[in-house]
Amino acid sequence: MKALVLKAKDVPLSWEDFPGPTPQAGEVVVEPQTAALNHRDVWITKGLYPGIVFPGILGSDGAGMLAGREVLINPNIGWGPNPRVQKRSYSILGMPKHGTMAEKVSVGEDRVHDKPPHLSWEEAAALPLAGMTAYRALFSRGALEAGEKVLITGIGGGVALFALQFALAAGAEVYVTSSSGGKIARAMEMGASGGAGYTQNGWEKELANQAGGFNLILDSAGGAGFSFFPKLCHYGARIVSYGGSKGAVPNFTPQSIFWKQISILGSTMASDEEFAEMLAFVSLHRIHPVIDSVYPITRAEEAFERLARGEQFGKVVFRVRD
Ligand SMILES: NC(=O)c1ccc[n+]([C@@H]2O[C@H](COP(=O)([O-])OP(=O)(O)OC[C@H]3O[C@@H](n4cnc5c(N)ncnc54)[C@H](OP(=O)(O)O)[C@@H]3O)[C@@H](O)[C@H]2O)c1
């Protein structure tokens, strides 16, 4: 088969011949039509991820054919029985196990779900990893209720845009931040009530003026921006972190959270039950993932660079077959 092969860190990926998968007991071979990029894939190509093995095939997201069935793949491997937290041995499809950026991928047969019929191949590949992450962060960890005010930072991101769509469908009032005024405007066209540019001085005051305060904040950046969140929180608010792209949070004081009874919660991926709930939610509300761009997989390098530069608004998708 052909696959997008990662041979070493910081080396261009190449679409080339690679031995096909040998399914283990309980596994099936899916033939991806489409695969999608996540920031995880970018971190891995730069060597910034634990347990990288070479040569590897990236890709946690894929949709394709299995014995005449149109399916998409749950990228969880071994979440385990506890809905509160994954097992220590948990991993994600696409490193170390070979992923979806190939003509064939072997996955556990219980990883395979019917493709929601209202989704195109591109939309189906865009959904799994980012959709499940947004779903758990918003609902299971963030305990979002209708009518609450939510802040979603970095709205151009794949997870952030699903969080916007899911929160709106659940009846929340949503505000966003972004590096780009154009992305804020697009989020407002989708239903966001307001937003501010996180690169502008005073963005937090601007948000406070617009919204008054938030019941829930979803963030994947951390860094200096995070230290403003408690000030933006209502009493009893939750701050959910699902990533740390900008690193350590300076000037953070316990005083900023205890009087207002603020909860700071970490969130990663989602259990298999939440994955199935997320699919049902997307079908019920007929949500269409926001696709930034679609590339033939032979032009993968351009797609990785687009995500690494943060230019995207939504998911970057590969067509694996024409
Ligand atoms: N814990 C998990 O299970 C999990 C799952 C998925 C992703 N993640 C992590 O979450 C992060 C986002 O992943 P993704 O796949 O959604 O990435 P992505 O599509 O590449 O989006 C990244 C976005 O981060 C935003 N951003 C950059 N600097 C920021 C800042 N200082 N403040 C606020 N936002 C900022 C940008 O938003 P604008 O373009 O609007 O400026 C950018 O579009 C990554 O660190 C990833 O590793 C974690």
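For reference, positions follow the sequence shown, starting with 1. Just follow the structure's listing: the first ligand is 1, and inside any ligand the first atom is 1.
The hydrophobic cluster containing V316 also contains L4, counting ILVMFWY residues as joined when their side-chain heavy atoms lie under 4.5 angstrom apart, directly or transitively. Residues M269 and I44 share a hydrophobic cluster, clusters being chains of Ile/Leu/Val/Met/Phe/Trp/Tyr side chains in contact below 4.5 Å.
Heavy-atom separations between S267 and ligand 1 include at least one value shorter than 4.0 Å. The closest approach between any non-hydrogen atom of L129 and ligand 1 is below 4.0 Å.
Among protein heavy atoms, atom 42 (C) of ligand 1 sits closest to Q312 NE2, 4.0 Å. Protein heavy atom closest to atom 23 (C) of ligand 1, with residue, atom name and distance, is G157 CA, 3.9 Å. Of all protein heavy atoms, the one lying nearest to atom 25 (C) of ligand 1 is G154 CA, 3.7 Å. Here the protein heavy atom with the shortest distance to atom 2 (C) of ligand 1 is Y242 O, 3.6 Å. Counting only heavy atoms of the protein, atom 7 (C) of ligand 1 lies nearest to V159 CG2, 3.9 Å. What sits closest to atom 3 (O) of ligand 1 on the protein, heavy atoms only, is M269 N, 2.7 Å. Annotation: atom 39 (O) of ligand 1 to nearest protein heavy atom, K183 NZ, 2.7 Å. Annotation: atom 46 (C) of ligand 1 to nearest protein heavy atom, W43 NE1, 3.9 Å.
Under a 4.0 Å criterion applied to the non-hydrogen atoms of G156, ligand 1 contributes the atoms 37 (O), 38 (P), 39 (O), 40 (O), 43 (O). Ligand-side atoms of ligand 1 in range of S178: 38 (P), 40 (O), 41 (O), range being under 4.0 angstrom from any heavy atom. Here is the list of ligand 1 atoms found below 4.0 Å of a heavy atom in G310: 39 (O). Close approach to I155 involves these atoms of ligand 1, each under 4.0 Å from a residue heavy atom: 40 (O). Heavy-atom contacts of T268 reach the following atoms of ligand 1: 1 (N), 2 (C), 3 (O) (cutoff under 4.0 Å).
In this structure, the side chains of S60 and R40 come closer than 4.5 Å at one or more pairs of heavy atoms. Using a 4.5 Å heavy-atom threshold, the side chains of L6 and I57 count as separate. The closest side-chain heavy-atom distance from R141 to Y242 is not below 4.5 Å.
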Would you list the atom pairs, donor with acceptor, under 3.5 Å between side chains in residues 287-294 and any protein atom, with sequence neighbours excluded?
from : atom 1 : to   : atom 2 : distance (Å)
H288 : ND1    : E123 : OE1    : 3.1
H288 : ND1    : E123 : OE2    : 3.1
D292 : OD1    : R306 : NH2    : 3.0
D292 : OD1    : F313 : N      : 3.0
D292 : OD2    : R306 : NE     : 2.6
D292 : OD2    : R306 : NH2    : 3.4

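A donor-acceptor contact closer than 3.5 angstrom is absent between the side chains of Q261 and Y235. Residues E122 and T34 bring no donor and acceptor atom of their side chains to less than 3.5 Å of each other. Using modelled atom types and a 3.5 Å distance limit, the side chains of D219 and S241 yield no donor-acceptor pair.
With a 4.0 Å heavy-atom cut-off, ligand 1 is reached by the backbone of S179 and by its side chain too. At a 4.0 Å heavy-atom cut-off, ligand 1 touches T133 through the side chain alone. The proximity of Y198 to ligand 1, defined as any non-hydrogen pair under 4.0 Å, is limited to the side chain. Residue H39 touches ligand 1 through backbone and side chain together, judged by heavy-atom distances below 4.0 Å.
Classified by interplanar angle (parallel below 30°, tilted 30° to 60°, perpendicular above 60°), the ring pair F166/F139 is parallel.
The residue among G197, S245, G243 with a heavy atom at the shortest distance from atom 44 (C) of ligand 1 is S245.
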Item to check | Residue pair E274, R136: steps toward the salt bridge (charged side-chain N to carboxylate O under 4.0 Å, His left out) verdict | outcome: CA-CA 7 Å; E274 288 162 333; R136 179 175 172 88; 3.0 Å; yes

Item to check | Step-by-step side chain to side chain contact (heavy atoms under 4.5 Å, CB included) determination, I155 to T177 | outcome: CA-CA 6 Å; I155 199 59; T177 70; over 6 Å; no

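Checked against a 3.5 angstrom limit, the closest N/O atoms of G158 and ligand 1 fall inside it.
A donor-acceptor distance shorter than 3.5 angstrom exists from the side chain of K183 to the backbone of Q312, with no hydrogens or angles considered.
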